[in-house]
There are 2 protein chains.
Amino acid sequence: MGFESFTFKKLGVRINSNESSIYRYFENKHKLLLYLASWYWGWMEYKMVFATNGISDPIQKLDRAIEILTQSVEEDNAFSHINEVILNRIIVNEYSKSYLVKEVSQENKEGYFIIYKRLVCRLSEMIADVDASYPYSKSLASSVLEGSLHQYFLQEHFPVLTNCNTTVTPTKFFKDLISRTLNLDVNG
Amino acid sequence: MGFESFTFKKLGVRINSNESSIYRYFENKHKLLLYLASWYWGWMEYKMVFATNGISDPIQKLDRAIEILTQSVEEDNAFSHINEVILNRIIVNEYSKSYLVKEVSQENKEGYFIIYKRLVCRLSEMIADVDASYPYSKSLASSVLEGSLHQYFLQEHFPVLTNCNTTVTPTKFFKDLISRTLNLDVNG
DNA sequence: CTAAAATAATAGTATTACTATCATTATTCA
DNA sequence: TGAATAATGATAGTAATACTATTATTTTAG
């Protein structure tokens, strides 16, 4: 229903629970979004670290990381009690709202974004491992993560603003972008 | 004060007007945001078209366009009754919220995003004019526009996630990115 | 089986996001 | 200038939101 019209009262009805009970777990819906986002990025980080763990070649390592971080979340592999497909949809549509608030600096100080920041930094390090002379590894890393969500959103709602579709995936676009930017030829 | 705590009542007090009067101009604050965003992107489009008009070399033309679209809005050149510096701050912090809503497809149909879409398409065409074989001109164009706002936001609130600062500008990052991606050497 | 913990039910408050009505003030143009 | 028209202001009202507080009931744990 979108973050704006979502309320704890509605959630209570949906899960057969009570508004006041939910308030004992989350101060407000913004904090719930922060929680879901951290869960999501923690899960992405886990997948990325796991998938790139054994790879020694930095180029292949980065390539695999981009793949994990930008691919669509299709299959529900019953990883946990959380439905990752639905969560991914929520992140694509709502994640920006978790930090585009006037309290962002305070909440950042309080640690609400550490997992996301750690993930961006890991990616930026992988970029630096491929090309230490590239001076924008952090900006490139944050662009890939944010941009990936954005391309999926455009694919759904503004197809005229993206080349991505079911065959040309955001993964393809970003792999190509990284490959051109760091002067690799992993993708031919 | 941020979009969330902004209300027409507060605006009325601030501009010595009346809540009910403001409602005669804008259905709600979301529509006001859509209006401000369209004004902003229309202004950017104007600046871009004006600055690139006489340039025949596609590489220089694209370079200039990126410059206009990604540079910080510092000087208030009294272009109109609108303070562009403040508007730019609003766009950086709030623009995403104008389309990350469940009504986005309907509002897109009703034309609320035409100016922004036209701008992205113009940029994407400039990219195609430089390298017609590059297959992601639209995704690259949308990434630059969205990414530019994002890098400014990071610079302010998450400096650890960007290489941009007062000397290394988002313009530098994006010019370099475009230059590498399309294999130019405009920037050395 | 009892104590503690968690949850539910209910009530209540301040604020938001409007709509409606009518009075007042500006503006236009004949 | 002055009458019609348009814009604005003041006020009231409503349903919903985003909570807090209190007390009753149920669940769970040892």
Chemist: Which of these passes ring pair (Phe, Tyr, Trp, His ring centres under 6.0 Å) with A/W41: A/Y116, A/Y46, A/Y99, A/F113?
Modeler: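 Answer to the ring pair (Phe, Tyr, Trp, His ring centres under 6.0 Å) test with A/W41 among A/Y116, A/Y46, A/Y99, A/F113: A/Y116.
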
Chemist: Quick one: do A/E125 and A/R122 make a salt bridge, cutoff under 4.0 Å?
Modeler: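 Between A/R122 and A/E125 there is no salt bridge, as every charged N stays at least 4.0 Å from the carboxylate O atoms.
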
Chemist: Kindly say whether the aromatic ring centers of A/Y40 and A/Y95 come within a distance under 6.0 Å.
Modeler: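 Ring centres of A/Y95 and A/Y40 not closer than 6.0 Å.
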
Chemist: When the ring centroid of A/Y23 is compared with that of A/Y25, is the distance short of 6.0 Å?
Modeler: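 Ring centroids of A/Y23 and A/Y25 are no less than 6.0 Å from each other.
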
Chemist: Using C1' atoms of five pairs at each end, report the bend of the helix from C/dC1-D/dG30 to C/dA30-D/dT1 rounded to 10 degrees.
Modeler: 30°

Chemist: Do we see a donor-acceptor contact under 3.5 Å between the side chains of B/T7 and B/E19?
Modeler: no

Chemist: Can we say A/D63 and A/K175 salt-bridge, meaning some charged N sits less than 4.0 Å from an Asp/Glu carboxylate O?
Modeler: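 Salt bridge: yes.
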
Chemist: Can B/D176 and B/R180 be counted as an ion pair, charged N to O under 4.0 angstrom?
Modeler: yes

Chemist: Cation-pi between A/K29 and A/F3: NZ/CZ under 6.0 Å from ring centre and within 45° of the ring axis?
Modeler: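 Verdict for A/F3: a cation-pi partner in A/K29.
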
Chemist: Take nucleotides 8-22 of chain C nucleotide by nucleotide from the 5' end and write B, S or -, depending on whether a protein heavy atom sits under 4.0 Å from the base, only from the sugar-phosphate, or from neither.
Modeler: BB------SSBBB--

Chemist: Ion pair present between B/E94 and B/K97, side-chain N to carboxylate O less than 4.0 angstrom?
Modeler: yes

Chemist: For a quick check of understanding: with a heavy-atom distance under 4.0 Å over all strands, which category does A/F26 fall into, base, sugar-phosphate or nothing?
Modeler: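 Contact class for A/F26: none.
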
Chemist: Looking at A/I55, A/T52, A/L123, A/D129, which one forms a side chain to side chain contact (heavy atoms under 4.5 Å, CB included) with A/L62?
Modeler: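 Single pass found, and it is A/L123.
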
Chemist: Chain B on DNA chain D: first and last contacting nucleotide, 5' to 3', under 4.0 Å to a heavy atom?
Modeler: D/dA7 to D/dA10

